[in-house]
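Below is one structure; the comments refer to it alone.
Letters A, B, ... mirror the listed sequences (proteins, then strands); counts begin at 1.
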Amino acid sequence: MPELPEVETIVRDLRPHLVGATVAAVEVGHPSVVRHPGLAEFLRALPGRRIERCQRRAKFIALRLDGPGSLFVHLGMSGTLTLDRPEVPARPHTHVRLRLGSGAELRYVDPRRFGRLMLGTPPELRAAGQLPPLGIEPLSPRFTAERLGAVLASTRRPLKAVLLDQARIAGCGNIYTDESCFLARVHPARPAAGLRPREVRRLRDAIRVVLRKAIRNRGSSIADYRDGFGARGAAHESLLVYGRGGAPCVRCGLPLAQSTVAGRTTVYCRGCQA
DNA sequence: CCCCTATCCTGAGGGC
DNA sequence: TGCCCTCAGGATAGGG
């Protein structure tokens, strides 16, 4: 579900309310979402900890705690992390609740339970196989056309597969990958290493424009996604290709093509993305 | 290394 | 109205 812009929106929403707050109590409804450490240790280690930072890395939410370690949350396909007043009834599939010293409640809701919560330092979690290798942040200043070119040059896999590969570029999912390829006018199934330098530059710029615009619009609420306060985003209202297979291309009017690339539904324009 | 498929789950939507 | 099928924004394991 949530890609970089959705996770970033949540982090920005929650940050002012979480930083400085103390975890007063923890309740876990469905233990399978707690991946590390074990449930008992998770319940033991969290209460009393103070949240020092609230940040995004790739599609992970990282709540840095006092003392060593962070609480990492990955939302999977259908997860949400919201701050609620405790008297508001919890929605179905609320699996974890953190009651805060402020009285508010941080709730992890995830119908499909593909998401997960983990507690520890990055090296610990990497050693436990819970935190995968993560590539460059596409919104960082280090994400230059040269850098993207180097990433793409290393493989002949389809471009889209590389953009979705979190170990190479962190944060892009199915929606914004298709949007970026369209904006850059490159075909998502082209071998990554085959892009010309000017196409790489266009793609680099397109990825940043697409992600920034989606953040400005507070994320795409196509199904389950909600912001840090449970409200829907508006980014899905201005998507150019995602979910529009068969509809006319906004640039040339040709019906948008839909096929499977890198195992994912992919929408693109045969005319504009040669 | 690459690529595809199945898998973890629930819910929404379409066809009949 | 209901049943069945397919599909979904993610990530990973296993097979060819």
Side-chain angles (χ1 to χ4, degrees), chain A residues 1-10 29-36 56-61 72-81 91-96 108-118 125-126 128-135 151-181 188-194 207 210-211 214-215 217-227 232-246 258-267:
Chain A
M1 160 217 176
E3 307 180 24
L4 184 153
E6 288 75 30
V7 178
E8 181 66 27
T9 300
I10 291 170
H30 210 299
S32 72
V33 298
V34 174
R35 296 299 170 84
H36 190 88
R56 180 191 61 75
R57 170 72 172 110
K59 297 175 192 171
F60 288 89
I61 298 163
F72 287 91
V73 181
H74 194 294
L75 299 172
M77 289 271 256
S78 60
T80 60
L81 191 67
R91 297 159 52 203
H93 306 292
T94 299
H95 304 310
V96 179
Y108 177 73
V109 179
D110 186 2
R112 292 174 74 179
R113 301 203 304 277
F114 289 177
R116 53 194 185 276
L117 282 74
M118 308 164 304
L125 293 171
R126 271 194 292 271
Q130 297 294 323
L131 199 59
L134 298 169
V151 168
L152 298 180
S154 63
T155 175
R156 286 190 58 79
R157 294 164 72 195
L159 172 60
K160 177 161 178 171
V162 182
L163 297 180
L164 287 173
D165 184 346
Q166 301 299 299
R168 297 179 191 269
I169 300 167
C172 295
N174 205 32
I175 296 178
Y176 300 115
T177 295
D178 278 8
E179 294 294 307
S180 300
C181 288
R190 286 194 31 207
I207 290 169
V210 162
L211 295 177
I215 292 172
N217 290 325
R218 305 190 52 77
S220 295
S221 287
I222 287 162
D224 301 288
Y225 165 72
R226 298 294 183 272
D227 67 22
R232 298 169 65 89
H236 53 284
E237 292 164 17
S238 45
L239 296 176
L240 300 178
V241 289
Y242 177 83
R244 296 192 64 244
Q258 180 167 318
S259 67
T260 299
V261 178
R264 312 294 298 277
T265 298
T266 301
V267 184

*Decide, applying a 5.5 Å centre-distance limit and a 30° plane-angle limit (both strict), whether A:F114 stacks on B:dC9.*
no
_I'd like to know if A:R113 reaches the base of B:dC9 with its side chain, counting only an N/O donor and acceptor under 3.5 Å._
no
From the list [options], which nucleotide is the closest neighbour of the side chain of [X]?
{"X": "A:P158", "options": "C:dG10, B:dC3, B:dC9", "result": "B:dC3"}
{"X": "A:T155", "options": "C:dT12, B:dC2, C:dG10", "result": "B:dC2"}
{"X": "A:E3", "options": "C:dG10, B:dT10, C:dT12", "result": "C:dG10"}
{"X": "A:Q166", "options": "B:dC9, C:dT12, C:dA11", "result": "C:dA11"}
{"X": "A:R157", "options": "C:dA11, B:dC3, B:dT10", "result": "B:dC3"}
{"X": "A:P132", "options": "C:dG10, B:dG11, C:dT12", "result": "C:dT12"}

Might you point out which heavy atoms bring [X] and [Y] nearest each other, and give the distance in Å?
{"X": "A:T265", "Y": "A:Q258", "result": "CG2-NE2, 3.5 Å"}
{"X": "A:Y176", "Y": "A:A235", "result": "OH-CB, 4.0 Å"}
{"X": "A:I169", "Y": "A:C172", "result": "CG2-SG, 4.4 Å"}
{"X": "A:Q166", "Y": "A:A58", "result": "OE1-CB, 4.4 Å"}

For atom [atom1] of [X] and atom [atom2] of [N], their distance in whole Å:
{"X": "A:L164", "N": "B:dC4", "atom1": "CG", "atom2": "C1'", "answer": "15 Å"}
{"X": "A:D110", "N": "C:dA8", "atom1": "CG", "atom2": "C1'", "answer": "13 Å"}
{"X": "A:R112", "N": "C:dG10", "atom1": "CZ", "atom2": "C1'", "answer": "9 Å"}
{"X": "A:R264", "N": "B:dC4", "atom1": "CZ", "atom2": "P", "answer": "13 Å"}
{"X": "A:L4", "N": "C:dA11", "atom1": "CG", "atom2": "C1'", "answer": "17 Å"}
{"X": "A:R116", "N": "B:dC9", "atom1": "CZ", "atom2": "P", "answer": "14 Å"}
{"X": "A:H36", "N": "C:dT12", "atom1": "NE2", "atom2": "P", "answer": "16 Å"}
{"X": "A:H30", "N": "B:dT10", "atom1": "NE2", "atom2": "P", "answer": "7 Å"}

*asked:* Check this for me, if you would: do A:K160 and A:D178 make a salt bridge, where the nitrogen-to-carboxylate-oxygen distance has to be below 4.0 angstrom?
replied: yes
*Indicate, with a heavy-atom threshold strictly under 4.0 Å, whether A:S32 touches base, sugar-phosphate, or nothing.*
nothing
*Reckon A:G173 touches a base, only the sugar-phosphate, or nothing at all at heavy-atom distances under 4.0 Å?*
sugar-phosphate
Can you tell me if the side-chain N/O atoms of [X] get under 4.0 Å from OP1 or OP2 in [N]?
{"X": "A:H93", "N": "B:dC9", "result": "no"}
{"X": "A:H74", "N": "C:dA11", "result": "yes"}
{"X": "A:S78", "N": "C:dG10", "result": "no"}

*If the P atom of B:dC9 is compared with that of C:dC3, how far apart are they to the nearest Å?*
24 Å
*asked:* For A:F72 and A:F60, take the angle between the two ring planes, folded into 0 to 90°, and tell me which bin it lands in: parallel under 30, tilted 30 to 60, perpendicular over 60.
replied: perpendicular
*Is B:dC9 paired to anything, Watson-Crick or G-U wobble with both distances less than 3.5 Å, and if yes, which nucleotide?*
none
*Would you mind telling me which residue lines up with the more 5' stretch of DNA chain C, A:Y242 or A:Q130, judged by nearest nucleotide?*
A:Y242
